[in-house]
Amino acid sequence: MPELPEVETVRRGLVPAMEGAKIAGVEQRRADLRFPFPDDFAGRLGGRTITALARRAKYLLVHFDDGLVLICHLGMSGSFRVETAHDAMLAGEFHHPRSRDTRHDHVVFHLERDGAPGAHVVYNDPRRFGFMLFSHEKELDRHPSLAGLGVEPTGNALDGALLSALLHGKRTSLKAALLDQRLIAGLGNIYVCEALWRARLSPERLATSITAAGGKATVRSERLAAAIRAVIADAIAAGGSSLRDYVHADGSLGYFQHAFAVYDREDEACTRPGCHGIVKRITQAGRSTFYCSTCQC
DNA sequence: ACTACTCCCTGCCAGC
DNA sequence: TGCTGGCAGGGAGTAG
């Protein structure tokens with residue numbers, strides 16, 4: 001589910017309720033998600049004030065006033081939603097328009113602000129591939145989940161030369177290489193497919209084939225780096241992609257899924273002007289790849 | 001060191 | 001109307 005643009009959208013959606021708020025209490029409704037919750041999870045969070053919400057790749061980072069950091073990963077099906085006390089009351093009594101499936105509400109953060117009860121932030125995750133772990137600001141970069149992550153595809157850091165250097169010598173497919181979080185951190189199945197289509201490059205091409213010795217930029221690496229940055233920026237601007245039940249923290253939907261050129265568009269006509277190809281679906285590394293074999297080569 | 005494959009878990013949808 | 005199989009935004013762990 002959530003790739004970088006979705007996590008960034010979630011982060012922005014949670015900021016108003018969470019930044020500057022104090023944790024009044026935490027309901028932890030099961031012992032584990034993908035991993036066991038840290039010991040005394042609720043106890044360690046209670047009474048702390050949230051100073052900032054940050055993001056690294058697909059990780060949401062909740063910073064507290066004493067340097068504690070809660071590292072959250074949403075896995076495939078995780079989501080957060082913000083409920084006001086009023087929402088919670090209505091949901092209990094009526095079918096509230098914004099109510100949703102609460103079967104997999106695993107964690108509820110009760111917030112307070114200026115001593116008054118604030119919002120509830122609820123973590124829901126049907127498949128439980130998500131997880132929450134603790135770290136500390138001073139050792140965050142060395143945390144096992146974050147230490148090996150590659151470059152962010154936001155901003156201008158990822159250019160043709162860097163991409164060429166990262167992919168040089170990689171004998172795997174271009175698709176698999178772009179999914180490797182150690183190289184570029186934050187891309188997932190959707191945005192890799194979309195970036196490759198924008199760059200007119202085949203997902204089946206050998207990753208090293210778009211590079212030059214010494215990591216010098218090539219026409220193709222420049223094109224792909226630009227496509228990756230653009231698709232991520234466009235998706236963030238659109239509020240991410242809403243597939244199935246994925247919604248923003250405030251319950252609204254992102255709309256980038258309407259802009260997909262190839263993802264989940266098997267058998268549809270390629271929309272590139274002048275191209276008369278049909279979008280195909282193939283399986284790479286056990287996951288679906290969507291692309292146009294006519295214009296992507 | 002790399003690369004490839006399996007598995008974790010639940011829900012949903014198409015096809016029978 | 002069931003049932004069944006396949007598939008889904010991810011990544012850790014293991015085996016070559």
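Everything numeric in this text was worked out from a predicted model, so none of it was measured. A note on names: the letters A, B, ... follow the listed sequences, proteins ahead of strands, and every chain is numbered from 1.
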State whether A/Gln181 places a side-chain N or O below 4.0 Å from either non-bridging phosphate oxygen (OP1 or OP2) of C/dG10.
no
Taking the P atom of each, how far is C/dC7 from B/dC5, in whole Å?
16 Å
Value in whole Å for how far the C1' atom of B/dC8 lies from NE2 of A/His73:
14 Å
When you measure from the side-chain N and O atoms of A/Ser288 to the phosphate of C/dA8, is any distance below 4.0 Å, counting only OP1 and OP2?
yes
In whole angstrom, what separates A/Gln257's CD from C/dA8's C1'?
15 Å
Parallel under 30°, tilted from 30 to 60°, perpendicular over 60°: which one fits the rings of A/Tyr123 and A/His106?
tilted
With centres under 5.5 Å and planes under 30° as the test, does A/Phe129 stack with C/dG11?
no
Between atom CZ in A/Arg287 and atom P in C/dG6, what is the gap in whole Å?
18 Å
Would the A/Phe37 and A/Phe134 ring centres measure less than 6.0 Å apart?
no
Applying a 3.5 Å limit to both distances, which nucleotide forms a Watson-Crick or G-U wobble pair with B/dC9?
none
Side-chain N or O of A/His104 closer than 4.0 Å to phosphate OP1/OP2 of B/dG11
yes
The answer to which of A/Arg127 and A/Pro144 contacts DNA chain C further toward the 5' end, by nearest nucleotide, is A/Arg127
Quote, to the nearest angstrom, the P distance that separates C/dC3 from B/dC9.
24 Å
Length of the NZ-P vector between A/Lys175 and B/dT3, whole Å:
16 Å
With respect to the side chain of A/Pro126, which nucleotide from C/dA8, B/dG11, B/dA4 is positioned closest?
B/dG11
In whole angstroms, the gap separating P of B/dC8 from CG of A/Asp125 amounts to 17 Å
To the nearest 0.5 Å, how far apart are CD in A/Glu112 and NZ in A/Lys22?
5.0 Å
Inter-residue atom distance A/Leu70.CG - A/Arg44.CZ, 0.5 Å rounding
10.0 Å
Pair A/Lys170-A/Thr208, side-chain donor/acceptor within less than 3.5 Å:
no
Go through the steps to decide whether A/Arg198 and A/Asp234 satisfy the test salt bridge (charged side-chain N to carboxylate O under 4.0 Å, His left out), and finish with yes or no.
CA-CA 12 Å; A/Arg198 290 189 185 203; A/Asp234 290 352; 2.9 Å; yes
Looking at CD1 of A/Ile228 and CG of A/Asp159, how far apart are the two atoms once the value is rounded to the nearest 0.5 Å?
11.5 Å
Need one value for A/Arg128: base, sugar-phosphate or nothing, where a base atom within 4.0 Å counts as base even if backbone is also close, heavy atoms only.
sugar-phosphate
Position toward the 5' end of DNA chain B (nearest nucleotide), A/Gly286 or A/Gly169:
A/Gly169
May I have the distance from A/Arg182 (atom CZ) to B/dA1 (atom C1'), rounded to whole angstrom?
10 Å
Below 4.0 angstrom from OP1 or OP2 of B/dA4, is there any side-chain N or O of A/Thr172?
yes
Please determine if A/Arg142 and A/Glu139 form a salt bridge, counting it only when a charged side-chain N lies under 4.0 Å from a carboxylate O.
no
Near DNA chain C, counting only heavy atoms under 4.0 Å, which residues of residues 53-62 of chain A show up?
A/Lys58, A/Tyr59
Rounded interatomic separation in angstrom, taking CG from A/Leu183 and P from B/dT3:
9 Å
Ignoring backbone atoms, establish whether A/Arg103 has a side-chain N or O less than 4.0 Å from OP1 or OP2 of B/dG11.
yes
Given atom CZ of A/Phe131 and atom C1' of C/dG11, what is their separation to the nearest angstrom?
8 Å
